[in-house]
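Comments concern the structure below.
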Amino acid sequence: MREMAHLLNLESLTYDEAIKLQLEMASMVSEHDVLESYELFCGVDVAYSNQNAVAVAVIQDKDGRIVEVSKHKCIVRHVYVPGLLFLREAPPMLNAIKGLKSDFDVLLVDGNGRLHPRKFGIACYIGIVLDKPTIGVAKKLLCGQVKRVSGRRVVMLNGDVVGEEVFKNVYVSVGHKISLNTAIEIVKGLTKNGQIPSPILAAHKIANEELGRRG
DNA sequence: GCGACAG
DNA sequence: ATCTTGTCGC
């Protein structure tokens, strides 16, 4: 296995090297539950203003009350490339999370987990780096096709179930150390009116406020 | 070659 | 993601 220091050095990776890293790390992802109950939820998101980025991590309790907020500002290092979002957003997200003093049970990332061309979206990367239960939540379908299975909208890719459209434009997938069903239940429990789960929504709003926008 | 493409 | 006014609908 590679050393963690190498996994964290995304700065100088070429696209080919990044893809190779994804293929290698994809086998490290666990889709098994490691917890039986979840009390504290952390949501992360990144907002931009030209070359400036601000990542925000928010911890909420079961009642949606904010326990802690951590912000991290930096300069954009990579352009956005579909399938390689982690190069651009994982470093700032990890730094924001690193600034948290409190611990949390599960992380919700704005972006896909296994719902990805190589079964390794940004939520998988962050989950493995932190070695924590992580869920990917996206608002658009990156790949695969939605198939209706007994009332549910399952996302299929190459014959595999890689995620589910829990609400309109809300795609959930496994990041790490959690099962898809548990991830879906957690997202459903944290959403209001079919929106993006509360912790991510809060992080999104705070990140934009930090850039002087209205929320 | 053409279209699609998380944020 | 970000740039942006009014407008349609619940």
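Just so you know, these numbers come straight off a predicted model, no measurement behind them.
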Q: Mind checking A:D110 for me? I need base, sugar-phosphate or nothing, with any heavy atom below 4.0 Å counting as a touch.
A: sugar-phosphate

Q | Secondary-structure stems, DNA chain C, at least 3 Watson-Crick or G-U base pairs under 3.5 Å | A | none

Q: Could you tell me whether a side-chain N or O of A:Q60 sits under 3.5 Å from a main-chain N or O of A:G43, the two making a donor and an acceptor?
A: no

Q) Is the A:F86 ring parallel, tilted or perpendicular to the A:F120 ring (thresholds 30°, 60°)? A) perpendicular

Q. What is the distance from CG of A:L141 to P of B:dG3, rounded to the nearest Å?
A. 20 Å

Q. Whole Å only: how far is the CD atom of A:Q51 from the C1' atom of B:dG7?
A. 15 Å

Q. Just how far, in rounded Å, is P of B:dA6 from CE of A:M93?
A. 14 Å

Q: Count the heavy atoms belonging to other residues, nucleotides or ligands that lie under 6.0 Å from NZ of A:K73, then report whether that count exceeds 12.
A: no

**Q.** Distance, rounded to the nearest Å, where A:L87 contributes CG and C:dA1 contributes C1'
**A.** 16 Å

Q) How close or far is atom C1' of B:dA4 from atom CG of A:L85, stated in whole angstroms? A) 16 Å

Q. In whole angstrom, what separates A:R88's CZ from B:dA6's P?
A. 13 Å

**Q.** A:E31 side chain to A:S179 side chain, donor-acceptor N/O pair below 3.5 angstrom
**A.** no

Q) Is the closest side-chain donor-acceptor distance between A:E89 and A:Y48 under 3.5 Å? A) yes

Q.
For A:D63, is the CG atom crowded, meaning more than 12 foreign heavy atoms sit under 6.0 Å from it?
A. yes

Q. A:N208 side chain N/O closer than 4.0 Å to the phosphate oxygens (OP1, OP2) of C:dT2?
A. yes

**Q.** Residue-phosphate contact under 4.0 Å: A:K140 side-chain N/O, B:dC5 OP1/OP2
**A.** no

(Q) Just to be sure I understand the rule, does A:I122 reach a base, reach only the sugar-phosphate, or reach nothing, if contact means heavy atoms closer than 4.0 Å? (A) base

**Q.** Nearest-nucleotide pick for A:H116, side chain only, options being C:dA1, B:dG7, B:dA6
**A.** B:dA6

**Q.** Distance in angstrom units between A:I200 CD1 and C:dA1 C1', rounded
**A.** 15 Å

Q.
For the backbone of A:H78 and the side chain of A:R88, can you confirm whether one donor and one acceptor N or O come within less than 3.5 Å of each other?
A. yes

Q.
For the base of B:dG7 and the side-chain ring of A:Y80, does the geometry meet a stacking cutoff of under 5.5 Å between centres and under 30° between planes?
A. yes

Q. In terms of side-chain heavy atoms of A:E89, which of B:dG7, B:dA6, C:dT2 is nearest?
A. B:dG7

Q | Whole-Å distance separating the CG atom of A:L157 from the P atom of B:dA6 | A | 14 Å

Q. With a non-hydrogen cut-off below 4.0 angstrom, is A:G83 in contact with a base, only sugar-phosphate, or nothing?
A. base

Q) For C:dC3, does either OP1 or OP2 sit under 4.0 Å from a side-chain N or O belonging to A:R213? A) yes

